[in-house]
Amino acid sequence: MPDTQPRLHLHDSRTRSTVPFVPLDPQNVRVYYCGPTVYDLAHIGNLRAMVTADVLVRLLRHLYPRVTYVRNITDVDDKINARAHANGESIADLTARTIRDFHEDLQAVSILSPDAEPRATHHIGEMQDMIRRLIESGHAYEAQGHVLFAVSTYPSYGALSGRSPDDLIAGARVEVAPYKRDPGDFVLWKPSDDQTPGWDSPWGRGRPGWHIECSAMSHHYLGESFDIHGGGSDLLFPHHENERAQSMCCHPHGRFANHWVHNAMLLVNGEKMSKSLGNFLTVRDVLRDTPPEALRLLLLRAQYRSVLNFTQAGLDEARQMLDRFYRALEKLDPGITAPPPQRFVQMLCDDLNTPRALAEMHALADDALAHDAAAGGNIAAARLKAAGNLIGLLHDTPEQWFRGGVDVDADAIEALIAERLAARKARDFARADAIRNELAAQGIVLEDGPQGTTWRQA
RNA sequence: GGUCUGGUGGCAGAAUGGUGAUGCAGCGGACUGCAAAUCCGCGAAUGUGGGUUCGAUUCCCGCCCAGACCUCCA
């Protein structure tokens, strides 16, 4: 039914407008996202970007036959050097451990692996090639052991982030290195001393600047032109602006990213997350006492371009929403499957409007809960599950969701339920309630239904 | 200082030039021995001052407030 297939519209940061998404090659949609700099655990702000990318890629996979999703790992960076030194460990140990932790955290919240996850240190050669070409074409110059990109050679510099070069100079809050021809020039290659990781190059032993890695890796995996480049809005300038300048100057016939997607920042209790405020939350911190799906749902409750305020109350609410969804999935018949409803997909196609998509899921849950199987309750449940799965939710069974938290002795609980049933039959409600209270104290909630008494974790 | 977003019920959070989704919380009812879960129902919002318009929450301007970015923070 190609006529009824929803069309994806996405907001493009470069033009600051929401436009129809038209793939360069409908047979292979190509996406690049900026991944982590691996010096510390992922925090929930990092996670928002990764979840946004995940929903986008899942939706693209639903709409198109093939998607190539590349997400890099920055494993050469001065913050890494500083952290390894402070920890008294090798850079290799630090980055290996951080990458492993990053993968664990993302997997916990059902973020799918990218098709390629290149590491900067594995692509130094390509970066050097690009730098060489930029020097040869007059877009870059050497100065005091550094190679710098000359922003004045790229007339469109600033077009992506909507700034004029004059604004940038006026607002520069960092001291401008004296060897720069223009205050806006940025480093492509910089010298390393003996204590710092470095690679031999035509410009001496050194290491790459931050931006060049993404230009080199996106070109290597996706070509001169690809469909979508994404990341947090804080990357728009300077990182993405600089990436674009380098890539467009190095590959003048390409378009680099056709479409730019940026997610808004996350606040914690109304404040920007920062170590000095003491509100810096890692994914692990949150998952210690929250089911991973609740964290994921919390992030999807706001549209990705809105600032999202992270609170414990919001997390609790996300958990309650999932309780109801899983309650509805108890109506699911194992044999019944359904595609995600068109209206749900339509909402996602409207610039990833996950709040409206979730409203559709609530309607499906209503339907499933209010009707028995003969009246379509099981179909609604199947649709709900398909919808949830499309955005990386509802992967558990209701059994796992309601009972999966901590270790409990199910046999002991069943024995107490049997004892309570006997007491109720004898109309000894004092004893029956005492048993229920005893279990409640252990975090076990009893529910008396038409089919008998069931239990779940609070 | 410059650039750019945004201010919607108690809270979270959509949408829209013409009766403002959804969720949580609250209130009433059904069900229950009482609960829990579920169901039915109810109340409740567009920061502020102007302008354009038959009509503005939506478009425009001022003000107030919040946030982001301004050379390596998702």
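Excluded from the calculations below are hydrogen atoms, water molecules and symmetry mates; all remaining heavy atoms, backbone and side chain alike, are included. Naming convention: chains lettered A, B, ... in sequence-line order (proteins, then strands); numbering from 1 in each chain.
Put simply, the side chain of D448(A) and the base of C34(B) share a donor and an acceptor less than 3.5 Å apart. Side-chain atoms of R436(A) come within donor-acceptor range of the base of C34(B), with a qualifying N/O pair under 3.5 Å.
The aromatic rings of H362(A) and F325(A) sit tilted, their planes meeting at an angle between 30° and 60°.
Residue contacts shown for D316(A) are absent, as no nucleic acid heavy atom lies under 4.0 Å away. Residue contacts for H362(A): at a heavy-atom cut-off of 4.0 Å it reaches the sugar-phosphate backbone alone, with no base atom in range. Within 4.0 Å (heavy atoms only), R48(A) reaches no atom of the nucleic acid at all. Residue contacts for H43(A): at a heavy-atom cut-off of 4.0 Å it reaches a base atom on one of the strands shown. If you check every strand for non-hydrogen atoms under 4.0 Å, L446(A) touches a base. If you check every strand for non-hydrogen atoms under 4.0 Å, R420(A) touches a base. E241(A) comes within 4.0 angstrom of nothing in the nucleic acid, heavy atoms only. Backbone-only engagement by R456(A) is indicated by non-hydrogen atom pairs under 4.0 Å involving sugar-phosphate atoms exclusively. Heavy atoms of L266(A) sit under 4.0 angstrom from at least one base atom. Residue M321(A) is classed as a sugar-phosphate contact, given heavy-atom separations below 4.0 Å to backbone atoms only. Across all strands, K331(A) comes closer than 4.0 Å to no nucleic acid atom at all (heavy-atom distances).
The base-pairing partner of G33(B), taking Watson-Crick or G-U wobble contacts with both distances under 3.5 Å, does not exist among the strands shown. Look at G55(B): it lacks any Watson-Crick or wobble partner with both distances under 3.5 angstrom. With a cut-off of 3.5 Å on both pairing distances, the Watson-Crick or G-U wobble partner of C69(B) is G2(B). Pair assignment for G10(B) gives C24(B), based on Watson-Crick or G-U wobble hydrogen-bonding distances that are each under 3.5 Å. Nucleotide A45(B) forms no Watson-Crick or G-U wobble pair with any nucleotide shown, as no partner meets the under 3.5 Å limit on both distances.
As rounded to the nearest Å, A36(B) and C73(B) have C1' atoms that lie 46 Å from one another. Of the P atoms belonging to C34(B) and G29(B), the separation is 14 Å, rounded to the nearest Å. Rounded to a whole angstrom, the distance from the C1' atom of C24(B) to that of U19(B) is 26 Å. With both ends at atom C1', the span from G1(B) to A15(B) equals 36 Å, rounded to whole Å. G23(B) and C65(B) have their C1' atoms separated by 27 Å, with the value rounded to a whole Å. Nucleotides G9(B) and A45(B) are separated by 9 Å at their P atoms, to the nearest Å. Rounded to the nearest Å, the gap between the C1' atom of G7(B) and that of A14(B) is 15 Å. Remark: the separation of the C1' atoms in A21(B) and C60(B) is 28 Å, to the nearest Å.
Between N242(A) and the phosphate of C72(B), there is no side-chain N or O to OP1/OP2 separation shorter than 4.0 Å. Residue S306(A) places at least one side-chain N or O closer than 4.0 Å to OP1 or OP2 of A14(B). For C39(B), one of the phosphate oxygens OP1 or OP2 lies less than 4.0 angstrom from a side-chain nitrogen or oxygen of R324(A). In terms of phosphate contacts, K272(A) brings a side-chain nitrogen or oxygen within less than 4.0 Å of OP1 or OP2 of C69(B).
Ion pair R420(A)/D448(A) flagged as a salt bridge, since at least one NZ, NE, NH1 or NH2 atom sits closer than 4.0 Å to an Asp/Glu carboxylate oxygen. Checked for salt-bridge contact, D351(A) and R305(A) meet the test: a charged N lies under 4.0 Å from a carboxylate O. A salt bridge is absent between R163(A) and E241(A); no separation between the charged side-chain nitrogens and carboxylate oxygens falls under 4.0 Å.
Relative to the side chain of A370(A), the nucleotides C39(B), G13(B), A15(B) differ in distance, and C39(B) lies closest. Proximity note for F186(A) (side chain, C-beta onward) versus A14(B), C72(B), U71(B): the nearest is U71(B). For A359(A), the side-chain atoms get nearest to U22(B) when compared with the rest of U22(B), A14(B), G33(B). Side chain of A302(A), nearest nucleotide from C34(B), A14(B), U71(B): A14(B). Comparing C73(B), A74(B), G13(B) against the side chain of A49(A) picks out A74(B) as the nearest. Residue Q320(A) has its side chain nearest to A25(B) when only G33(B), A25(B), C72(B) are considered.
In summary, of the residues considered (R71(A), R296(A), R48(A)), a salt bridge (Lys or Arg N to Asp or Glu O under 4.0 Å) with D54(A) occurs for R296(A) alone.
Positionally, the nearest nucleotide of RNA chain B for G314(A) lies more toward the 5' end than for the other of A365(A) and G314(A). With the nearest nucleotide of RNA chain B identified for both L369(A) and A363(A), A363(A) has the one nearer the 5' end.
Aromatic rings from Y154(A) and H139(A) are positioned such that their centres are separated by 6.0 Å or more.
Cation-pi geometry between R181(A) and Y141(A) is met: the NZ or CZ atom falls under 6.0 Å from the ring centre, inside 45° of the normal.
Residues L160(A) and R14(A) have side chains in contact (heavy-atom distance under 4.5 Å, counting atoms from C-beta outward).
Atom CG of L188(A) and atom C1' of U71(B) are 13 Å apart (whole Å).
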